[in-house]
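Everything on this sheet refers to the single structure shown next.
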Amino acid sequence: MAQTGSASTSKGVRPAKRAARAPDHAAAETSTAVNAADSRVLGVAITHPDRQLFTDPAITKLDLARYYESVAAFIMPHLANRRVALLRCPEGIAGECFFQKHMHDHLPAGVEVDGDMLVIRDIAGVIGLVQRGVIEFHTWGAKLPGSDKPDRLTFDLDPDPSTAWRSVAQATRTVRDRLVALGLTPFLKTTGGKGLHVVVPIRATLGWDEVRGFCKAIAQQLEHEQPDVFVANMAKAKRQGHIFIDYLRNSDGATAVAAFSVRARGGAPVAMPISWDVLDSDEDPRGPAFNVRNVVERIHAWRDDPWAGYAGARKALTAAMRRAAAAHDDGEKAQA
Ligand code: ATP
Ligand code: MN
């Protein structure tokens, strides 16, 4: 089980108080460097704690480490014991950033290698990776051991940037309704970008090809039914006003950004679990609406965790579901 640091109370898991208020940057700017003793997070010494990784809002490396510490109980169930891809930006988001899936030497405590791939075991591993310049955490759709059978579907909805929020919300509702009609329980998260991810916990009973085929059939079915709204084919993804349903996130080796991961983009956005009600609101939750500065407060303000039922919602993809999903397959099979 994930180590949750100071994040537990009798009422259940809550974010650590220390990070619940915004970091005091005014003080940081007027004083000299952070005291070394104050720059340890879960026992990990954060070097260059004052380094600004984001400028607007100003987020230092130490702030980022403390953010991850404060959401430990929320991020770890989705991050631990999966192969990961990391986005490292050692000089901050204005500097060079690179994706990394392998690391062989000097692994931080709490990080291990599975096959050739990195796996995070606990929150100290997350902090150790932030110390190495990691900002974003991306995960595979399968959990270890036995990562040949996915336990999650991700429908990566990528709207043309000109698409209005109301249209994106309506299309996302359509995706949800289809998954519910098939007997599944989907959950929603922001990406910190222009899209949304619809995530479905499943029982790990099928292999990658079958799971991806199922997702592809759903994407094609939606395109077939609403060709003015959805595009399932990457080659047509840039069509104006359309939403590309990227089902290829469900391939062996593909990743999706983890819930509660920060994004290395302007505004320090966070990929945030949200409730379906958000789709009824005119307030656009995308981009930096959720960010390093406000996520902990937002968690405190939750009446219910929008993903509370996640672990209990796993269903096996049955033969009947797979037949229903493929009912409108428009013959793009060769593309698989
Ligand atoms: P947005 O809402 O802006 O689309 P996103 O996280 O969905 O945000 P995409 O560009 O759609 O971004 O990518 C989907 C997923 O594919 C990402 O979450 C990431 O896990 C993975 N990905 C994207 N680019 C790379 C890359 N260069 N290397 C490795 N994985 C990547
Ligand atoms: Mn996307």
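Only heavy atoms go into these numbers, but all of them, side chains included; no hydrogens, no water, no symmetry mates. Just so you know, ligand 1 is whichever comes first in the structure, and atom 1 is the first atom listed for that ligand. One-based numbering along the sequence shown.
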- In this structure, atom 13 (O) of ligand 1 is nearest to the protein heavy atom D156 OD2, 4.0 Å
- Message: Closer than 4.0 Å to some heavy atom of K194 - which atoms of ligand 1 meet that?
- Response: 2 (O), 3 (O)
- Query: Does a salt bridge link D280 with R173, judged by any charged N lying under 4.0 Å from a carboxylate O?
  - Reply: yes
- Task: Please state which part of V257 comes within less than 4.0 Å of ligand 1, counting heavy atoms only: side chain, backbone, both or neither.
- Result: both
- Item | Criterion salt bridge (charged side-chain N to carboxylate O under 4.0 Å, His left out) on D158 and R249, from CA distance to verdict | CA-CA 12 Å; D158 286 335; R249 298 295 100 221; over 6 Å; no
- Kindly confirm or rule out a cation-pi arrangement of R83 over W140, judged by NZ or CZ under 6.0 Å from the six-membered ring centre and within 45° of its axis? yes
- Message: Quick check: G195 and ligand 1, any N/O pair under 3.5 Å apart?
- Response: yes
- Those atoms of ligand 1 less than 4.0 Å from some heavy atom in R249: 14 (C), 15 (C), 16 (O), 21 (C)
- Message: Can you tell me how far apart CD (Q240) and OG (S162) are? Round to the nearest 0.5 Å.
- Response: 4.5 Å
- Do R176's NZ or CZ and the ring of W276 fall within the cation-pi criteria of under 6.0 Å and 45°? yes
- Task: Check the angle between the aromatic planes of W302 and F74 and answer parallel, tilted or perpendicular using the 30° and 60° thresholds.
- Result: perpendicular
- Under 4.0 Å from a heavy atom of H138: give me the atoms of ligand 1 that qualify, with their elements. 17 (C), 18 (O), 19 (C), 20 (O)
- Message: Within ligand 1, which atoms have a heavy atom of T191 less than 4.0 Å away?
- Response: 1 (P), 2 (O), 7 (O), 8 (O)
- Item | Whether K101 lies under 4.0 Å from ligand 1, heavy atom | no
- Task: Give the numbers and elements of all ligand 1 atoms closer than 4.0 Å to a heavy atom of T255.
- Result: 15 (C), 16 (O), 19 (C), 20 (O), 21 (C), 30 (N)
- Task: Mark up the atoms of ligand 1 that fall under 4.0 Å of a heavy atom belonging to D158, in ascending order.
- Result: 4 (O), 11 (O)
- For the Mn ion (ligand 2), what is the closest N, O or S atom on D156? OD1
- Query: Nearest protein heavy atom to atom 10 (O) of ligand 1: under 4.0 Å?
  - Reply: no
- Query: For the Mn ion (ligand 2), what is the closest N, O or S atom on D158?
  - Reply: OD1
- H197 contact mode with ligand 1 (heavy-atom cut-off under 4.0 Å): side chain
- First locate atom CZ of R178, then atom CD of Q221, and finally report the distance between them rounded to the nearest 0.5 Å. 4.5 Å
- Starting from atom 22 (N) of ligand 1, which protein heavy atom do you reach first, and at what distance in Å? F99 CZ, 4.3 Å
- Any A256 heavy atom less than 4.0 Å from ligand 1: yes
- When you check the gap from the basic side-chain N to the acidic O, do D252 and K149 get nearer than 4.0 Å? no
- Query: Near R265, which atoms of ligand 1 are under 4.0 Å from a heavy atom of that residue?
  - Reply: 3 (O), 8 (O), 12 (O)
- Quickly, which of V278, V168, D156 forms a side-chain contact (heavy atoms from CB on, under 4.5 Å) with L196? Name it, please. V168
- Message: Side chains of D177 and T174: any donor to acceptor distance under 3.5 Å?
- Response: no
- Item | Heavy-atom check, side chain of E283 versus side chain of W165, under 4.5 Å | no
- Item | Numbered atoms and elements of ligand 1 in range of R263, under 4.0 angstrom, heavy atoms | 5 (P), 6 (O), 8 (O)
